[in-house]
Amino acid sequence: MELYSPEGLRIDGRRWNEIRNFECRINTHPNSSDGSSYIEQGNTKVICVVQGPMEPALRSQANSNEATLEVNLSVANFSTTERKKRSKSEKRMVQLKTTLERTFQQSVMCNLYPRTLIRIDLHVLSQDGGMLAACTNAMTLALIDAGVSMYDYVAAMTAGLHDQTPLLDMNGLEENDMSTLTIGVIGKSEKLSLLMLEDKIPLDRLESVLAIAIAGSHKIRDLMDSEVRRHGNIRSSKLAS
Amino acid sequence: MNVSEVISITKPVGLDNDIDSDVEMSDSENQAQDSFKQSIVTPGELVTDDPIWMKGHGTYFLEDRTFSSVAGNISRVNRLLSVIPLKGRYQPETGDHIVGRITEVGNKRWKVDIGTKQDAVLMLGSVNLPGGVLRRKSESDELQMRNFLKEGDLLNAEVQTIFNNGIASLHTRSLKYGKLRNGMFLKVPSSLVIKSKNHSYDLPGNVSIVLGVNGYIWLYKTSTGINSATNTSVTSNTNMFRASVDTTGSYAIGQGSVSITRLEEESSWEIYSDKNDPNISNSVRSNITRYNNVLRAMSFCELGITEQRIIMGYEASLSYSNIGSLIDKESMESICQDIINNEKMRG
C-alpha cells in the first residue's frame, strides 16, 4: 500500500493540499432542537443537535457566572466497516468530549447565559478519519443555528506528515499509518482554539503541517459560512411579510 | 509548495447559479439580492469599525471595531447597533402574551416554562385568586398553591417585567389570562409568531386560539356566552366550597362566597378547575385537530403565523377531508402555497 505516490497522488487520488468533499447543512432538525447541523467530510458523517440555552435539569449544572456546556458524543456501532459496540465511558470518548467542551467554552460567549445549560448531542454516523474535526465543525454550525453568541467560527481540519510532505485532511487509512494533527482555527485568524496531536511530528516539520492545516480550516470556514448565508437568506425572505 | 492554496471539492452549485443569473436576472434583481446579502451577517464578521456606535445584543467590541456574534440581521436604533439572530430562544419582552407550563411550585411563586433560556416566575401575588381581586393573600393560600396551579398545568399570562438577571416575571391579573382547558397544546418556533395587538382570536369552526408570542399555542373550544359560564361557576363554586371544607376542615377567606360583580364570580374556583367541558362535540374536536395540522404545516414551511394566515390555511385545508393526511409533506407544501397565493391576490 502506497500512501503517497512519487507522482504526488494519495491513496484516494487526492493531491497533498486537497481536502475531501465537504458538505454541510444547518437546521436539519427544526422541530426537535434549537439548532442542528449535518456534516459530511469525505466519508465521515456527523449529526449535531443543540438544546438550549435552557434551564438546567440539575441544580448542580447551574453556574451563576456562565453557561454550562454539556457535550454528549455518541459513535454509532455501524460507523466503521467493522461493527463494534462502543461505550460512552471509553477513555478516548471521554477525552474527545472534554476536548470539545473546553474548545467551545472559549469561543461561545458563555458569560451571556448565566445559570443555563447548553446541551450538545453529537452523533457520528460514519467515520473515516478526522472525526474530531468533523465534530467541531458540526458543533460550530449547530450553535450558530441555535442563535448562541460566538466570537467566531471554529473551523477544524486535520493534517499529517508523510516523510517530508505534509498531507491535508487525512482519511481513515492515512490516519492509521501516520501521525495526525487536528487543529481548530478561530475564524479567518491564525489563532488556534484546539490542537490535538496523538502521535509525534518532528519539530522542524510541524510548522509546514500547521500552515497547511490552517489554510484548510480557512477553506472549511468559507464553506460553512456560505451554507449559513444560504440558509439565512432563505429564512429571512420567508419571514418578511 | 504554496501553503495558501487549498483545493476543495464541492458540488458545483454556485456555477449553475452564476449561469442563471447571467442569462435571466435583470439588473434591478441583482441589486436587490446584493443589498439583501449585505443585511445578513455571520459570527466574527466585521459590522462597523466606527466607534460611534453603541454595541447591543449580538455584537462584541474588539480594538475599536464591532463584530457580529450571531448569524442574523443588523438592526440600528439611533446609535444602538445590534444583530438580531435569525433563530434562537424566545426573548421575553414586557407586555407579551404568552402560554406557559408550570414546572415547579416554590415559595410564594411558580416556575413557568415559557421557552426562554431560564424559566419565568409567576408570583402568588400576581394571580387572581378565588374570591375577587380585592382579597388579600393569606398564609393558607401559600399552603394550597398546588390547588390553584400544579406542575404540568398550562396557563396563558402576560410578561410583567424582566428582572436584571433576564428572568421574566408573569402575571395573570386579567380575565383573559389564567389556566387553559378544553383544547390542545402545540409548539412552533417563536420566531414564526408575528407580534400583533391581540394574540387570542376566535376562529371559524367554533375554535379559539391563544397564539403565544413565545411560540406556544393553545387551541380550544370557543367558550359559549357569559350566562352559562356564570351559572356553572356558581354551582361549582359551592361544590368546591364543600369539598375544600371537607378535606381541609378550615375556611379560607373568600372561598365559596357568592360575589356581585362578574369579575369576582369569574375569578372563583372555576378558573382553576381541572375539569374539561363535558360536551365538546366531535366536530369541534376535529376542527381543533385541523387547525393543529394547519399550524404544523405553516411551521414546516417556516411561514410567519398571523390570524389571517391561520384562517386562510384553514380554508385551504377544507379541501382535504382526511385531517390526518394534512401533515403529509405534499399537503403541507400545497397549503402553504395556497396561503401565499391567497395573500398575493388580496394584495
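Being a predicted model, the structure only gives us computed values, none of them experimental. No hydrogens, no waters, no symmetry mates; every other heavy atom, side chains included, goes into these values. Every chain is numbered from 1, with letters handed out A, B, ... down the list of sequences.
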Considering non-hydrogen atoms only, spot the tightest contact between A:N233 and B:I40 and give its length.
-> OD1-CD1, 3.3 Å
With A:P6 via side chain to side chain contact (heavy atoms under 4.5 Å, CB included) - residues at least two apart | A:E2
Option in A:A67, A:S149, A:G147 with maximal non-hydrogen atom pairs under 4.5 Å from chain B = A:S149
From B:L86 atom CG to A:R235 atom CZ, the distance as rounded to the nearest 0.5 Å = 7.0 Å
Stepwise, does the side chain to side chain contact (heavy atoms under 4.5 Å, CB included) test hold for A:R229 with B:T42?
-> CA-CA 8 Å; A:R229 280 175 203 278; B:T42 51; 3.1 Å; yes
Would you give the length of the straight line joining atom NZ of B:K117 to atom CG of A:D34, rounded to the nearest 0.5 angstrom?
-> 10.5 Å
Just wondering, are more than 12 heavy atoms of other shown residues or ligands nearer than 6.0 Å to CG in A:L203?
-> no
Above 12 or not: heavy atoms from other molecules or residues under 6.0 Å from CD of B:E104?
-> yes
A:Q105 atom CD: more than 12 heavy-atom contacts under 6.0 Å | yes
Can you check side chain to side chain contact (heavy atoms under 4.5 Å, CB included) on A:N27 and B:E302, steps first, answer last?
-> CA-CA 11 Å; A:N27 202 29; B:E302 297 185 326; 3.1 Å; yes
Go through the atoms of A:D169 and report whether side chain, backbone, both or neither lie under 4.5 Å from a heavy atom of chain B.
-> neither
Say you draw a straight line from NZ of A:K188 to CG of B:L46; how long is it, rounded to the nearest 0.5 Å?
-> 14.5 Å
What distance do B:H57 atom NE2 and A:L112 atom CG have between them, rounded to the nearest 0.5 Å?
-> 9.0 Å
Do you know which of B:S69, B:G58, B:G72, B:P85 has the most heavy-atom pairs with chain A at a distance under 4.5 angstrom?
-> B:S69
Proximal component of B:Q91, with respect to chain A [non-hydrogen, under 4.5 Å] | neither
Could you tell me which portion of A:T116 (side chain, backbone, both or neither) has an atom closer than 4.5 angstrom to a non-hydrogen atom of chain B?
-> side chain
Proximity breakdown for B:K111 and chain A, heavy-atom pairs closer than 4.5 Å | side chain
Counting only heavy atoms closer than 4.5 Å, note whether B:S68 contacts chain A via side chain, backbone, both or neither.
-> backbone
In terms of heavy-atom contacts, B:P43 and A:D152 come closest through O-OD1, 3.3 Å
Do you know which of B:G44, B:C301, B:G166 has the most heavy-atom pairs under 4.5 Å to chain A?
-> B:G44
Should we count CZ of A:R230 as having more than 12 external heavy atoms under 6.0 Å?
-> yes
Is A:K191 atom NZ crowded by more than 12 heavy atoms from other residues, nucleotides or ligands, each under 6.0 Å away?
-> no
Rounded distance [0.5 Å steps], CE in A:M54 versus CG in B:D119 = 11.0 Å
Please state whether the side chain, the backbone, both or neither of A:Y113 comes within less than 4.5 Å of a heavy atom of chain B.
-> side chain
List the steps, then state whether side chain to side chain contact (heavy atoms under 4.5 Å, CB included) holds for A:R115 with B:N165.
-> CA-CA 10 Å; A:R115 278 180 237 93; B:N165 52 14; 4.0 Å; yes
Nearest 0.5 Å, what's the CE-CZ distance between A:M150 and B:F67?
-> 15.0 Å
